[in-house]
Colleague: 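Could you have a look at this structure, given as structure tokens, before my questions?
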Amino acid sequence: MTEEYQLLDKRVQKWLFNQGWPDLREIQKRAIIPILACDRDVLISASTAAGKTEAFFLPACSAIAEEKDGFGILYISPLKALINDQYRRLESLSEMLDMQVTPWHGDSLQSKKKKARNNPSGILLITPESLESLLVREPGWIKQSFTSLKYIVIDEFHAFIGTERGQQLLSLLTRLEHLIGRISNPIPRVALSATLGKLEKVPLSLRPNKSLPCETITSSQHQSTIKVQVKGYLEPIDITTDETRISAEQQICHEIFRLCRGGSHLVFANSRGRTESIAAKLSDLCEQQVVPNEFFPHHGSLAKELREDLEARLQKEALPTTAICTMTLELGIDIGKVSSVIQVTAPHSVSSLRQRLGRSGRRNSPSILRMFIAENGLSEKSNIVDGLRLELVQSLAMIRLLIIDNWFEPADTKQMHFSTFLHQILAVIAQWGSSRVDQLYSLLCEQGSFKEISIQHFKQLLSHMGTVQLIQQLNSGELVLGIEGERLTNSYTFYAVFKTPEEFRIVAGSKTLGTLPVDSLILKDQHIIFGGRRWKVTDIDDEKKVIYVTSTKGGKPPKFNGSGMSIHDRVRQEMLRIYCSGDYRIEVGNQKIDFVDKIGSQLFQEGAYFFKEANLENQPIYQSGKHCYIFSWMGDKVVNTITILLIKSGHVCSNFAGVIEVQNASVDALKDYFMGIIIDGVPDETELAEILSLQQKMIEKYDEYLPEGLLNAGYGRKAFDSKATKEWISGLLT
DNA sequence: GACCTGCTGCGGTCTG
């Protein structure tokens with residue numbers, strides 16, 4: 001055994017011996033000295049099942065083994081399920097050390113909480129929301145029980161970076177350090193994470209005020225080999241008139257059945273609806289063939305028991321099991337590794353594709369990714385999005401970026417997070433009973449995580465919070481909660497900073513077609529696709545949460561709609577590169593590897609031909625009948641910016657998969673219009689946000705309490721990109 | 001046509 005090993009507590013060494021492990025893993029050895037030093041933050045970045053948890057807990061438990069008074073380790077997890085997993089995993093080690101471990105979240109046992117409350121010691125496993133509730137409701141107890149706290153460890157740290165919840169978490173940690181008097185002598189933070197992109201940027205996300213140095217430990221182990229295959233499917237033009245043809249989804253299900261039966265696999269289907277439909281078809285196939293069903297759905301709307309049964313079945317590996325799932329099985333939960341991963345329909349981002357791929361690759365066997373993409377059969381009425389085979393090409397672009405460039409979307413760390421900022425102001429005042437303005441600014445912005453917020457923003461927000469009775473200022477200058485602030489902070493729903501999205505009902509005439517989440521950009525007169533048909537929005541009732549539509553013509557809608565604000569510039573640029581070269585293959589040595597099946601290749605050739613015929617390489621605006629289509633080959637921020645500029649000037653537009661359709665327009669008229677924009681200047685993001693109605697911009701939980709100026713600034717930064725749009729328009733006109 | 005995560009305290013009913 002190595003000399004680092006000797007530094008561990010004797011009982012930890014004994015526990016290791018009992019485990020029968022031949023040796024510590026590389027990252028586990030390398031973590032021992034930095035963790036024991038207790039004078040720096042540590043980032044441990046390694047793939048799933050590389051032993052990150054032990055890399056932290058072996059030395060950390062050694063360091064707190066003699067401490068019996070107060071919690072020594074604060075472990076924070078984004079999921080309750082992960083807390084339960086870790087509790088089980090720590091059981092034997094903590095027994096050996098006679099150390100208390102307390103799982104603390106909304107569903108954990110009151111008896112365990114009570115015990116820890118009376119005798120705080122050892123390890124506390126908690127969610128950010130439960131920590132928030134303790135800080136607000138029992139700051140005195142926290143202060144007492146954390147006096148000898150030695151480590152704060154955050155699991156699945158990548159899931160927090162750049163999010164509202166991550167912003168809250170960092171703020172909580174600063175507030176905790178402040179409460180227990182450790183601002184000038186900070187508690188080391190340890191982040192456990194799946195492999196991250198730009199590692200040098202992560203320490204700033206772990207401790208924005210840089211008051212401790214950070215050491216990074218990554219596994220130098222080679223990534224296992226990756227096998228990729230893309231299969232194309234053709235959706236028959238009209239199934240109803242020709243019953244001999246089977247739908248693309250049916251064909252895909254037959255293939256999944258053939259490939260997965262008898263093994264252990266994950267099928268990612270991107271939406272709950274499709275997840276259910278595929279799982280149902282597969283279990284039908286099992287029944288038809290009189291074999292036991294081994295295909296089960298897994299997603300967020302499914303009952304907890306069903307999900308847990310499936311997770312346990314996957315983990316046991318006793319029976320062959322394939323889960324059809326959404327991102328619920330993308331990270332976190334311990335299900336071990338599967339033989340292969342199948343992605344049905346294009347992934348939403350390269351980073352999620354990467355995470356999913358990481359789920360496969362058992363014991364030195366390669367990671368296997370299969371991607372099944374269906375495209376529509378074409379007719380004269382077909383949409384240009386279908387003709388170009390955009391979904392297929394987006395998928396190919398994402399695979400190339402992942403495999404050739406090892407690139408994926410970086411987390412967006414430049415958001416304002418005004419909603420969470422407002423939440424933290426209320427939480428701090430609720431925690432202390434009152435607060436001075438300068439204390440708030442120092443704690444949340446200077447020491448804490450709200451680095452994008454200026455003093456002007458802060459003053460504007462406080463003044464508005466006074467107006468809407470969230471807070472009030474006493475004669476002494478102290479801030480206390482107002483009536484509305486009391487109401488919010490007294491409800492148990494206060495502690496989470498993220499919003500459970502509200503859904504709008506889609507109503508045509510007197511008939512409800514279904515519901516649509518409110519976070520998409522929907523305007524009156526806009527055309528939307530719902531239930532596979534094209535609709536025109538006639539009215540939006542923000543109060544009743546109803547969108548009124550009428551059926552509209554305009555050709556067959558494209559099958560692939562694309563989504564929101566998520567596609568990155570680099571993905572669309574790679575798509576353009578593929579179209580221009582007419583080649584998607586991946587070069588290995590001096591060979592070009594074709595990873596697409598015959599039908600997929602044919603579909604790609606059709607798309608590439610269409611691209612050439614339409615002269616899209618040289619002409620990004622394409623006229624078809626009375627309408628124009630704009631191909632920016634830029635990410636959704638730029639597409640949104642161009643769209644809102646056109647809408648502002650009275651054009652009727654909609655965008656599908658990054659292609660903007662402008663009704664009743666000509667190429668020359670559009671170019672003239674863009675010329676005018678360059679002369680007048682592109683408005684900044686905040687000004688663009690002013691064009692939208694208030695309701696459309698209220699995305700985050702506490703957005704409704706923000707002054708309009710801040711709402712516009714926050715939304716604008718999220719949705720638009722004026723600089724890149726100006727560059728794109730300039731390029732178009734030269 | 002995205003998707004996902006989390007929170008209290010108390011009163012009721014059931015079980016051993």
Side-chain angles (χ1 to χ4, degrees), chain A residues 76-83 104-108 110 113-114 126-138 155-156 158-160 163-166 168-169 172 249 268-277 297-302 304 307 325-333 343-349 351-353 355-356 374 385 390-391 394 420 423 427 430 488-501 503 506 513-522 528-535 557-567 636 655-657 701:
Chain A
I76 297 167
S77 152
L79 300 171
K80 290 184 288 192
L82 204 55
I83 287 178
W104 191 298
H105 57 69
D107 300 337
S108 57
Q110 285 293 332
K113 291 185 183 174
K114 209 171 229 169
I126 200 166
T127 59
E129 289 73 20
S130 284
L131 182 58
E132 179 75 83
S133 111
L134 286 176
L135 275 174
V136 169
R137 287 181 9 255
E138 302 181 60
D155 209 348
E156 301 282 351
H158 56 285
F160 284 113
T163 67
E164 297 293 329
R165 217 173 164 208
Q168 175 192 28
L169 172 58
L172 286 168
E249 188 171 293
F268 289 95
N270 280 2
S271 78
R272 287 181 288 225
R274 193 182 298 107
T275 298
E276 285 293 342
S277 135
H298 192 282
H299 57 76
S301 315
L302 214 60
K304 201 173 121 197
R307 285 167 66 170
C325 56
T326 59
M327 67 172 289
T328 46
L329 287 182
E330 196 173 293
L331 54 85
I333 320 289
Q343 169 74 42
V344 182
T345 72
H348 292 118
S349 69
S351 75
S352 104
L353 178 64
Q355 198 79 37
R356 291 172 183 188
V385 169
L390 277 175
E391 183 174 357
Q394 181 182 309
T420 300
H423 176 271
L488 285 185
T489 54
N490 281 332
S491 163
Y492 78 95
T493 55
F494 176 68
Y495 307 111
V497 293
F498 55 88
K499 184 173 174 173
T500 315
E503 303 217 309
I506 310 284
L513 302 172
T515 56
L516 198 68
V518 72
D519 57 355
S520 47
L521 189 80
I522 290 185
I528 60 167
I529 288 170
F530 194 83
R533 289 180 63 194
R534 212 181 246 260
W535 308 90
K559 198 180 130 299
F560 180 52
N561 195 10
S563 58
M565 307 172 187
S566 55
I567 302 293
D636 285 327
N655 76 61
F656 308 118
K701 192 174 174 193

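Per chain, numbering begins at 1; letters A, B, ... match sequence-line order.
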Colleague: Looking at every non-hydrogen atom in both residues, tell me the closest pair between A/T163 and A/G166 and how far apart they are.
Modeller: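 Shortest heavy-atom separation between A/T163 and A/G166 comes out as OG1-N, 2.9 Å.
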Colleague: Not counting sequence neighbours, which residues clear side-chain contact (heavy atoms from CB on, under 4.5 Å) with A/T493? List them please.
Modeller: A/S491
Colleague: Checking all strands, does A/T163 fall into the base, sugar-phosphate, or nothing category for heavy-atom contacts under 4.0 angstrom?
Modeller: nothing
Colleague: For DNA chain B, produce a single dot-bracket line, 5' to 3'. Pairs: Watson-Crick or G-U wobble, both distances under 3.5 Å. Symbols: ( ) within strand, [ ] crossing, | other strand, . unpaired.
Modeller: ................
Colleague: Who passes side-chain contact (heavy atoms from CB on, under 4.5 Å) against A/A81, sequence neighbours left out?
Modeller: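 Listed in chain order: A/I333.
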Colleague: The side chain of A/R272 lies closest to which of these nucleotides: B/dA2, B/dC4, B/dC7?
Modeller: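 Comparing B/dA2, B/dC4, B/dC7 against the side chain of A/R272, the answer is B/dC4.
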Colleague: Is A/F498 stacked on the base of B/dT5, meaning ring centres closer than 5.5 Å and planes within 30 degrees of each other?
Modeller: yes
Colleague: How close or far is atom C1' of B/dT8 from atom CG of A/L488, stated in whole angstroms?
Modeller: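 Between C1' of B/dT8 and CG of A/L488: 15 Å.
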Colleague: Please identify each residue that fulfils ring pair (Phe, Tyr, Trp, His ring centres under 6.0 Å) with A/H423, with sequence neighbours left out.
Modeller: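 If we apply the ring pair (Phe, Tyr, Trp, His ring centres under 6.0 Å) test to A/H423, skipping adjacent residues, the hits are A/F494, A/Y702.
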Colleague: Counting the atoms with a prime plus P, OP1 and OP2 as sugar-phosphate, which does A/T493 contact under 4.0 Å by heavy atoms, base, sugar-phosphate, or nothing?
Modeller: base
Colleague: So if I take every side-chain heavy atom of A/S271 and compare against B/dC7, B/dC4, B/dA2, which nucleotide ends up nearest?
Modeller: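 When the side chain of A/S271 is considered, B/dA2 is the closest of B/dC7, B/dC4, B/dA2.
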Colleague: Tell me whether A/Y495 is stacked on the nucleobase of B/dC7, counting only the six-membered base ring and applying the 5.5 Å and 30° thresholds.
Modeller: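 It does not: the two rings, one from A/Y495 and one from B/dC7, miss the stacking criterion.
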Colleague: Taking A/Q343 for the side chain and A/T345 for the main chain, is one N or O donor matched with an acceptor at less than 3.5 Å?
Modeller: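 Here the side-chain-to-backbone pair exists.
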Colleague: Out of curiosity, A/I567 CD1 to A/D636 CG, how far, rounded to the nearest 0.5 Å?
Modeller: 6.0 Å
Colleague: Between the protein and nucleotides 9-16 of chain B, which nitrogen or oxygen pairs are less than 3.5 angstrom apart?
Modeller:
{"residue": "B/dG9", "atom": "OP1", "partner": "A/R137", "partner atom": "NE", "Å": "2.6"}
{"residue": "B/dG9", "atom": "OP1", "partner": "A/R137", "partner atom": "NH2", "Å": "2.8"}
{"residue": "B/dG9", "atom": "OP2", "partner": "A/R137", "partner atom": "NH2", "Å": "3.3"}

Colleague: Indicate, with a heavy-atom threshold strictly under 4.0 Å, whether A/R356 touches base, sugar-phosphate, or nothing.
Modeller: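 Touches nothing.
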Colleague: Applying salt bridge (charged side-chain N to carboxylate O under 4.0 Å, His left out), name anything that partners A/E249, two or more places apart in sequence or on another chain.
Modeller: A/K281
Colleague: I'd like to know if the side chain of A/N270 reaches the main chain of A/A346, judged simply by a donor and an acceptor atom lying under 3.5 Å from each other, with no hydrogens or angles considered.
Modeller: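 Yes: the side chain of A/N270 pairs with the backbone of A/A346.
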Colleague: Tell me whether the OP1 or OP2 atom of B/dC7 has a side-chain N or O from A/T127 closer than 4.0 Å.
Modeller: yes
Colleague: Quick check against the 3.5 Å criterion: does A/K701 have a side-chain atom that pairs as donor or acceptor with the backbone of A/A496?
Modeller: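 Judged by distance alone, yes, a pair lies under 3.5 Å.
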Colleague: Select one nucleotide: of B/dA2, B/dC3, B/dC7, the one nearest the side-chain heavy atoms of A/S130.
Modeller: B/dC7
Colleague: Report the residue (A/R274 or A/H298) whose heavy-atom-nearest nucleotide on DNA chain B is the more 5′ of the two.
Modeller: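 Counting from the 5' end, the first nearest nucleotide belongs to A/R274.
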